[in-house]
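In what follows, a single structure is set out as structure tokens and then discussed.
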There are 2 protein chains.
Amino acid sequence: MEQPAYHHGNLRRVMLDAALQAIGESGPTGWSLRELARRAGVSHTAPAHHFGDKTGLLTAVAAEGFDLFAAALEAAGGDFLDVGVAYVRFAVRHRSHFQVMFRPELYRPADPAVAPARARAAAILSRGGRALSPDPARDRVATVAAWSMAHGFADLWLSGALADAAEIDPETYARELTTLAFGHLHHSKA
Amino acid sequence: MEQPAYHHGNLRRVMLDAALQAIGESGPTGWSLRELARRAGVSHTAPAHHFGDKTGLLTAVAAEGFDLFAAALEAAGGDFLDVGVAYVRFAVRHRSHFQVMFRPELYRPADPAVAPARARAAAILSRGGRALSPDPARDRVATVAAWSMAHGFADLWLSGALADAAEIDPETYARELTTLAFGHLHHSKA
DNA sequence: GCGTTATCTTTCCAGTGGAAACTTTCCACT
DNA sequence: AGTGGAAAGTTTCCACTGGAAAGATAACGC
């Protein structure tokens, strides 16, 4: 027994995990569908049944990513500083998802599994921005400013551009950055 | 006359330009070497002589990118706000270069044509950070904060994540963001 | 002139993503 | 219980890719 059943039974999840690992090893395009299928012990066309094509697999990664992302931001609570830190933490802990999510040419952003989750995340981010500025004309700018900083730090960190600072914990670092830049206009518990 | 000479005479530059255009159209990995060669009217192995392989071509793009980048930052002068705006301007105007430069798994970061130019750019950025904080213990944090914001805004902009704000000029927007976040600790003309 | 060298071509190969047609298993319904 | 799909996988096929190898052509130093 234990010999592979005709129906894998779990192929979708296994392929997703294999893709996440491959992305972590060699970037979001540095691998082949056939090799993932081989690792999963399945023929190279089997995944097509679950994802359609390679883009479909990446679309599934992005969809799962935005889901997890929205959940992580929600769990961070209402404080904008915590949201920023959660943003960075997500990028570091789910780097494979993250590296696909913000590269829309790799997948189908309009896919019904992607768009709503992305919108959910965006809503939380802009809610966080409102905490930074009571002036509605400004909170959009504040939102984009904070979002940009969290995103840029995460991206630079993941790409290794901040390698000389690699000894310190990214989340702690992110908190410092955010405080430095936004602490002065953070009217806490508003 | 005008018929293609055996020696193209200019292949290196033509291939680089073709690559930049292809990257602009479909991302840093959404094209094939063979198609670029076809566009250049040359056999599919001709480029190998100039770049070695596909990674070599991307390495050349990154090298040129960091050169232009360092020059652009230098030209921005000493004011950190101007450096930040120059950062964003470079990303928007040289988006193909930019999209390769910070994705080191796509090329050979240690290549002698890349590393010095990148170091040059990094030096200017950290000089800009010092203008933000006279305290040497803090200027590193300030540098990374400003760098993160400029980088994140550029990346989000290029990826289309800020699409709802697309009507406004990115450089102007970048200036607003930077002022909001760092204006309070900017001791101008220090 | 003439040999060397840089540049480009042709030919070849293994590997890729995907389409098509087929097989095996599962499941719902009489 | 038996059967008719539907779901999940397989094998086979094709055009295309990146790269290696070996040969052709032009340019340049001497």
Side-chain angles (χ1 to χ4, degrees), chain A residues 1-23 25-62 100 103-108 111 113, chain B residues 1-23 25-62 100 103-108 111 113:
Chain A
M1 6 265 85
E2 277 294 353
Q3 53 195 351
Y6 189 94
H7 281 100
H8 186 290
N10 204 17
L11 224 211
R12 198 189 142 86
R13 174 88 326 247
V14 167
M15 283 296 295
L16 272 172
D17 289 339
L20 292 170
Q21 187 181 341
I23 292 167
E25 288 165 2
S26 36
T29 58
W31 44 271
S32 81
L33 217 37
R34 282 168 114 106
E35 184 182 327
L36 296 196
R38 262 183 309 245
R39 288 196 206 174
V42 109
S43 86
H44 78 278
T45 48
H49 203 281
H50 294 273
F51 303 103
D53 55 9
K54 194 177 187 180
T55 299
L57 174 53
L58 285 166
T59 300
V61 168
V100 173
R103 213 115 281 130
E105 81 273 12
L106 296 180
Y107 61 97
R108 283 181 280 268
D111 189 280
Chain B
M1 11 263 85
E2 277 295 353
Q3 53 195 352
Y6 189 93
H7 280 97
H8 187 289
N10 205 16
L11 223 210
R12 196 189 143 85
R13 172 88 322 248
V14 167
M15 282 298 294
L16 273 172
D17 289 339
L20 292 171
Q21 188 182 340
I23 292 167
E25 287 165 3
S26 37
T29 58
W31 43 272
S32 80
L33 217 36
R34 281 167 115 109
E35 186 183 326
L36 297 196
R38 261 181 311 240
R39 287 195 207 176
V42 108
S43 87
H44 80 275
T45 49
H49 202 281
H50 294 273
F51 303 103
D53 56 8
K54 195 177 186 180
T55 300
L57 174 52
L58 285 166
T59 300
V61 168
V100 174
R103 211 119 279 128
E105 80 273 11
L106 296 180
Y107 61 97
R108 283 180 281 268
D111 188 281

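In this text the structure is predicted, and so the values were computed from the model without any measurement. Just so we're on the same page: letters track the sequence lines, and every chain starts at 1.
Inter-residue side-chain proximity for B:R13 and B:L16 is flagged as met; some heavy-atom pair is nearer than 4.5 Å. Counting only heavy atoms from C-beta outward, the side chains of A:L57 and A:L36 approach each other to under 4.5 Å.
Counting only heavy atoms from C-beta on, B:S32 has its side chain closest to D:dT17 among D:dG9, D:dG19, D:dT17. Relative to the side chain of B:R34, the nucleotides C:dT7, D:dG18, C:dG18 differ in distance, and D:dG18 lies closest. Ranking C:dC8, D:dG19, C:dG17 by closeness to the B:L11 side chain, first place goes to C:dC8. Out of D:dG18, C:dC8, D:dG9, the shortest distance to the side chain of A:H49 is found at D:dG9. Closest approach to the B:S43 side chain among D:dT11, C:dT10, C:dG18 is made by C:dT10 (side chain taken as heavy atoms from C-beta onward). Side chain of A:V42, nearest nucleotide from C:dC8, D:dG9, C:dT16: D:dG9.
The CG atom of A:L33 sits 6.5 Å away from the NZ atom of A:K54 when rounded to the nearest 0.5 Å. Here the OG1 atom belonging to A:T45 is positioned 8.5 Å from the CZ atom belonging to A:R34, to the nearest 0.5 angstrom.
When rounded to the nearest whole Å, the span between CG of B:L106 and P of D:dG18 equals 14 Å. When rounded to the nearest whole Å, the span between CG of B:L33 and P of D:dT17 equals 10 Å. If you measure from atom NZ of A:K54 to atom P of D:dT17, you get 14 Å, rounded to the nearest angstrom. Distance CH2 (B:W31) to C1' (D:dC16): 16 Å, rounded to an integer number of Å. Rounded to whole angstrom, the span from the CZ atom of A:R38 across to the P atom of D:dT11 amounts to 14 Å.
Across all strands shown, D:dA1 is found opposite C:dT30 as a Watson-Crick or G-U wobble partner, with both distances under 3.5 Å. Nucleotide D:dC14 has C:dG17 as its partner under the Watson-Crick or G-U criteria, with both atom distances under 3.5 Å.
Using a cut-off of 4.0 Å between Lys/Arg side-chain N and Asp/Glu carboxylate O, B:R39 and B:D17 are scored as not salt-bridged.
Dashed line: the shortest gap from a side-chain N or O of B:H50 to OP1 or OP2 of C:dC8 is under 4.0 Å. Within the structure, every side-chain polar atom (N or O) of B:R12 is placed at least 4.0 Å from both OP1 and OP2 of C:dA6.
For B:H44 and D:dG18, a side-chain-to-base donor-acceptor distance below 3.5 Å is absent, hydrogens and geometry of angles not being considered.
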